[in-house]
Amino acid sequence: MSTSPRPFVAVLFDLDGVIVDTARLHYAAWKRLADGLGLHFDEQRNQHLKGVDRLGSLDLLLGPEASHIGPAERQRLADQKNRWYMEALNAIGSGDLLPGAHDALDEVRRAGLRTGLVSASRNAKSVLDRLRVADRFDVIVDPSGVAQGKPAPDIFLTAARELGATPTGCLGIEDAAAGVAGLKAASMAALGVGTPLELHQADWVIPDLTYFRLDAYGSAT
Ligand code: BG6
Ligand code: MG
């Protein structure tokens, strides 16, 4: 991808795995569900669930079993996982913001850019409230009201529209391959948080937000 020095007007932050380490809480709840169903599930398989919405994640966990399960039971299982996940959320607070998150938000604000929080999680708002950072985002977009979740571009395009930004004026920050794919489908620049191997579609990859340097990223052309 070629880049230009044209500045971004907005930065879209993912939640789980970018500004807070809730990925381990999601994993623990899915693992408990899988164990109860006698299904094999481990950290490696969990990688494929990152960034994928609740029912989509359940289908990935169930694998071929999904075709034997009706809609009501599917919903019941997803609800059960969510109850366990919400119980675990009770333990998180402002100290659980990942290293670099506060500074990255400050840097974006100081540069005069708008901020969006774009998450596949329907619990996003309550997690932000617990972290006490909800007021640091101009818009918060979750999957409710969006036709298709990540890796579709819809949720990112909704955030850009609400921020009054064009897609190429947005820099998205994502830790999941599904999220990076969604950003690229939306014609946005993608900063991956993780490893280049896993996030090969990203324009830049950093290990975590302590490496965030807004000046280092040019907008997509
Ligand atoms: C994403 C997580 O942010 O949200 C996924 O990466 C999770 O692991 C998804 O399944 C949906 O979250 P929730 O809170 O709506 O079940
Ligand atoms: Mg994520």
Side-chain angles (χ1 to χ4, degrees), residues 11-34 41-62 66 74-92 96-98 100-101 104 116-131 133-134 137 140-146 148-152 154-156 158-159 171-184 186 188 190-195 198-199 201-202 205-209 212:
V11 178
L12 310 181
F13 289 83
D14 175 45
L15 176 70
D16 297 319
V18 169
I19 69 165
V20 61
D21 182 20
T22 38
R24 70 198 157 82
L25 306 181
H26 280 292
Y27 172 65
W30 285 127
K31 174 77 178 141
R32 187 171 170 185
L33 193 76
F41 188 65
D42 58 17
E43 301 256 9
Q44 205 187 336
R45 293 194 61 182
N46 185 57
Q47 293 302 311
H48 301 288
L49 276 57
K50 283 204 295 187
V52 178
D53 71 9
R54 199 177 304 160
L55 285 168
S57 293
L58 176 65
D59 288 342
L60 290 174
L61 179 141
L62 293 171
R74 191 167 163 259
Q75 191 60 55
R76 190 191 69 77
L77 292 171
D79 290 347
Q80 176 60 80
K81 180 268 171 180
N82 194 49
R83 274 193 298 278
W84 288 328
Y85 176 64
M86 288 198 306
E87 271 167 37
L89 284 182
N90 285 330
I92 71 162
D96 289 290
L97 215 54
L98 280 170
L117 190 288
V118 183
S119 177
S121 173
R122 288 179 160 77
N123 293 297
K125 181 66 170 60
S126 83
V127 172
L128 292 174
D129 287 340
R130 288 180 180 285
L131 296 170
V133 290
F137 295 96
I140 297 168
V141 184
D142 76 10
S144 32
V146 175
Q148 291 186 77
K150 304 170 186 179
D154 310 31
I155 196 164
F156 298 107
T158 298
L171 169 67
I173 310 178
E174 271 286 350
D175 71 314
V180 170
L183 285 166
K184 298 320 294 175
M188 293 181 182
L191 172 62
V193 175
T195 65
E198 195 191 345
L199 305 174
Q201 267 193 285
V205 180
I206 54 176
D208 60 58
L209 282 183
F212 181 80

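Position 1 is the first residue of the sequence, and the numbers go up from there. None of the values given here were measured: they were computed from a predicted structure. The analysis underlying the following values was restricted to heavy atoms, covering all of them including side chains, and did not include hydrogens, waters or symmetry mates. Read the numbers this way: they start at 1 and go in the same order the structure lists the ligands and their atoms.
Nearest-residue assignment for atom 7 (C) of ligand 1 (options Leu55, Val52, Val20; heavy-atom criterion): Val52. Checking Asp53, Asp175, Asp16 against atom 1 (C) of ligand 1, the nearest heavy atom belongs to Asp16. Closest to atom 14 (O) of ligand 1 by heavy atom, among Pro143, Ser121, Gly51, is Ser121.
Some N or O of Arg54 is nearer than 3.5 Å to an N or O of ligand 1, by distance alone.
With hydrogens and angles disregarded, a donor-acceptor distance shorter than 3.5 Å links the side chain of Asp42 to the backbone of Arg45. Of the possible polar contacts, one joining the Lys31 side chain to the Phe41 backbone as a donor-acceptor pair under 3.5 Å is found. Remark: the backbone N or O of Ala124 is not paired with any side-chain donor or acceptor of Ser119 at under 3.5 angstrom.
Residue Tyr85 forms a side chain to side chain donor-acceptor pair (under 3.5 Å) with just one option from Arg32, His26, Arg54, and that option is His26.
Only the backbone of Leu49 comes within contact range of ligand 1, with a heavy atom under 4.0 Å; no side-chain atom does. With a 4.0 Å heavy-atom cut-off, ligand 1 is reached by the backbone of Arg122 and by its side chain too. Under 4.0 angstrom from ligand 1, the non-hydrogen atoms of Ala120 come from both its backbone and its side chain.
Salt bridge Asp129/Lys125: present, at least one basic N to carboxylate O contact under 4.0 Å. Classification of Arg24 and Asp21 as a salt-bridged pair holds, one side-chain N sitting under 4.0 Å from a carboxylate O.
Below 4.0 Å from some heavy atom of Ser57 lie the following atoms of ligand 1, by number and element: 10 (O). Atoms of ligand 1 found under 4.0 Å from any heavy atom of Asn123 (numbered from 1 in listed order, with element): 13 (P), 14 (O).
In this structure, a donor-acceptor pair under 3.5 Å is absent between the side chains of Asp142 and Asn123.
Minimum interatomic distance between Phe156 and Met188 (heavy atoms only, all atoms of both residues): O-CE, 3.3 Å.
Nearest N/O/S atom of Asp16 relative to the Mg ion (ligand 2): this is O. Shortest distance from the Mg ion (ligand 2) to Asp14 is reached at OD2 (N/O/S atoms only). The Mg ion (ligand 2) is closest to atom OD1 of Asp175 (considering only N, O or S atoms).
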